[in-house]
There are 2 protein chains.
Amino acid sequence: MPRPHQAILSRELIFKTALEMTDRAGRFTVPELAQRLGVSVSSLYHHVQGRAEILEGIRGLMTPALTSLDADTPWEVAVTEWARAYRDSFAAHPAAIPALVAQTVSAPNTLAQYDLVAEVLERAGLSANSIIMAITMLDTLCLGAALDLAAPSVIWEPRGVESALSRALAEASPGADRTRHAFEVQLALIVGELARQLAIEHVQVGSPN
Amino acid sequence: MPRPHQAILSRELIFKTALEMTDRAGRFTVPELAQRLGVSVSSLYHHVQGRAEILEGIRGLMTPALTSLDADTPWEVAVTEWARAYRDSFAAHPAAIPALVAQTVSAPNTLAQYDLVAEVLERAGLSANSIIMAITMLDTLCLGAALDLAAPSVIWEPRGVESALSRALAEASPGADRTRHAFEVQLALIVGELARQLAIEHVQVGSPN
DNA sequence: ACCTGAACACCGTTCAAGT
DNA sequence: ACCTGAACACCGTTCAAGT
């Protein structure tokens with residue numbers, strides 16, 4: 001069918017193409033993006049304010065869909081699944097991560113996700129202070145794990161020099177799930193700590209009823 | 001005294017100046033760096049291979065000095081102090097972090113630091129697998145905490161919309177040490193987990209002697 | 001409304017040439 | 001050896017002009 005000569009461009013299409021380019025080439029560039037869309041560079045600026053907004057659009061695309069808030073689900077399960085979904089969405093697009101962490105979050109999508117965990121923890125009965133602490137810890141965890149995935153900050157490949165790290169690497173069982181395993185351990189530690197905190201606060205607040 | 005007309009430039013001076021510019025302005029640029037050093041842009045390329053090498057030099061400057069390995073110090077203390085030193089060195093130059101995480105570590109300085117923790121954990125008697133896991137977790141923690149510091153990934157300032165997160169923020173006790181506190185809690189959790197792991201492995205390996 | 005061409009002020013890097 | 005000037009191939013952004 002003949003392509004319609006209107007609606008060539010849209011924010012959604014721009015974001016999607018930019019993410020595809022990042023996945024494929026490790027980065028995206030405004031001129032390359034325009035070329036790929038078969039459009040002039042200046043055309044893009046009628047739909048987005050600039051490069052930063054495109055990056056924020058990418059963040060929006062990468063943010064997992066809001067999981068429905070089931071009141072029956074125990075908070076431990078909800079938090080764990082939330083963190084896993086977050087990590088997985090990062091893991092699916094590792095090349096985009098360095099660019100995203102350099103920029104403050106404004107995608108409403110993503111902000112809503114943080115509101116969701118806060119609500120889960122609030123329902124569970126955690127204090128405001130503990131909720132803030134919990135979200136900070138979960139945020140740190142997902143971010144750190146994602147970065148480890150995107151650009152391993154230590155060279156995990158054994159280096160030439162003899163060292164304790166080389167020895168450990170040589171001896172350790174190989175497996176690409178090193179990062180994933182560490183993530184799971186830390187996540188369990190955090191959830192466990194929150195449960196402990198919850199128990200303490202519950203005792204302090206009042207008598208059982 | 002009259003300045004000598006040789007040795008105007010050096011790698012050390014280039015790295016130091018670039019780090020200063022990053023601290024001050026949030027970024028450094030090769031032309032601006034040259035201008036600040038009172039030198040032509042192309043002069044820099046006689047001392048460093050390119051921008052990436054300057055960034056790696058910055059990483060080297062930011063890496064804390066190797067703490068002497070005191071065999072008397074309990075491993076829990078050594079690991080805790082190592083992580084704190086790491087985090088503090090990041091915290092001192094938050095603006096540099098986004099640029100650094102986008103690039104694989106090659107500063108020999110920094111690599112030696114990771115070897116050091118590995119050695120501490122090896123002496124403590126931890127298995128190779130657990131050492132790798134421990135370093136991954138510590139790395140994730142320091143990285144995530146540093147990024148939270150550099151560019152808060154959630155807007156911790158209360159937003160307009162009513163949400164569980166806003167409620168928690170309004171109610172929580174204010175304090176700039178939110179990030180630091182979360183770091184300490186997570187660090188303690190990790191060290192605790194390592195101690196537990198160590199106990200398990202020690203029992204498995206052999207009888208007490 | 002949507003797209004374009006041309007220009008702007010940058011950026012990192014190179015290289016022949018000077019002393 | 002060390003520094004330079006000029007050029008190169010880029011980059012993100014703007015803006016008057018077209019339809």
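Convention: sequence-line order gives letters A, B, ...; per-chain numbering from 1.
Judged by distance alone, with hydrogens and angles left aside, the side-chain atoms of A:Glu171 form no donor-acceptor pair with the main-chain N or O of B:Ala128 at under 3.5 Å. Formation of a donor-acceptor pair under 3.5 Å by the B:Glu122 side chain with backbone atoms of A:Ala164 is not found in this model. A:Gln113 contributes a side-chain N or O that, together with a main-chain N or O of A:Pro64, makes up a donor-acceptor pair within less than 3.5 Å. In this structure, A:Thr17 contributes its side chain and A:Leu13 its backbone to a donor-acceptor pair below 3.5 Å.
The side-chain contact (heavy atoms from CB on, under 4.5 Å) search around B:Thr80 returns B:Arg84, B:Leu187, B:Val191, not counting sequence neighbours. Under the side-chain hydrogen bond (donor to acceptor under 3.5 Å, both in side chains) criterion, B:Thr63 pairs with B:Thr110, not counting sequence neighbours.
Taking the six-membered ring where the residue is Trp, the centroids of B:Phe15 and B:Phe28 are separated by 6.0 Å or more.
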Requested in this report: Can you run through DNA chain D from 5' to 3' and write each base as (, ), [, ], | or . depending on how it pairs? Watson-Crick or G-U wobble, both distances under 3.5 Å.
Outcome: ||.|||||...|||||.||
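Contacts of residues 26-42 of chain B with DNA chain D (heavy atom under 4.0 Å): B:Val39, B:Ser40, B:Ser42. A heavy-atom distance below 4.0 Å to DNA chain D is reached by these residues of residues 46-55 of chain B, ordered by number: B:His46, B:His47.
Note: CG (B:Leu9) to C1' (D:dT4) measures 13 Å, nearest angstrom. Rounded to an integer number of Å, the gap from CG of B:Leu44 to C1' of D:dA1 is 16 Å.
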Query - B:Thr136 and A:Arg178: CA distance, side-chain angles, deciding distance, side-chain hydrogen bond (donor to acceptor under 3.5 Å, both in side chains) verdict - result: CA-CA 8 Å; B:Thr136 303; A:Arg178 168 185 65 80; 2.9 Å; yes
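Using a 4.0 Å cut-off between charged side-chain N and carboxylate O, B:Arg167 and A:Asp115 make no salt bridge.
Dashed line: the shortest gap from a side-chain N or O of B:Ser43 to OP1 or OP2 of D:dT4 is under 4.0 Å.
Comparing C:dC3, C:dT14, D:dG12 by their nearest atom to the side chain of A:Tyr45 picks out D:dG12.
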Could you go through residues 99-108 of chain B and list every donor-acceptor pair under 3.5 Å that involves a side-chain atom there, pairing it with any protein atom two or more places apart or in another chain?
residue	atom	partner	partner atom	Å
B:Gln103	NE2	B:Ala52	O	3.0
B:Gln103	NE2	B:Glu56	OE1	2.8

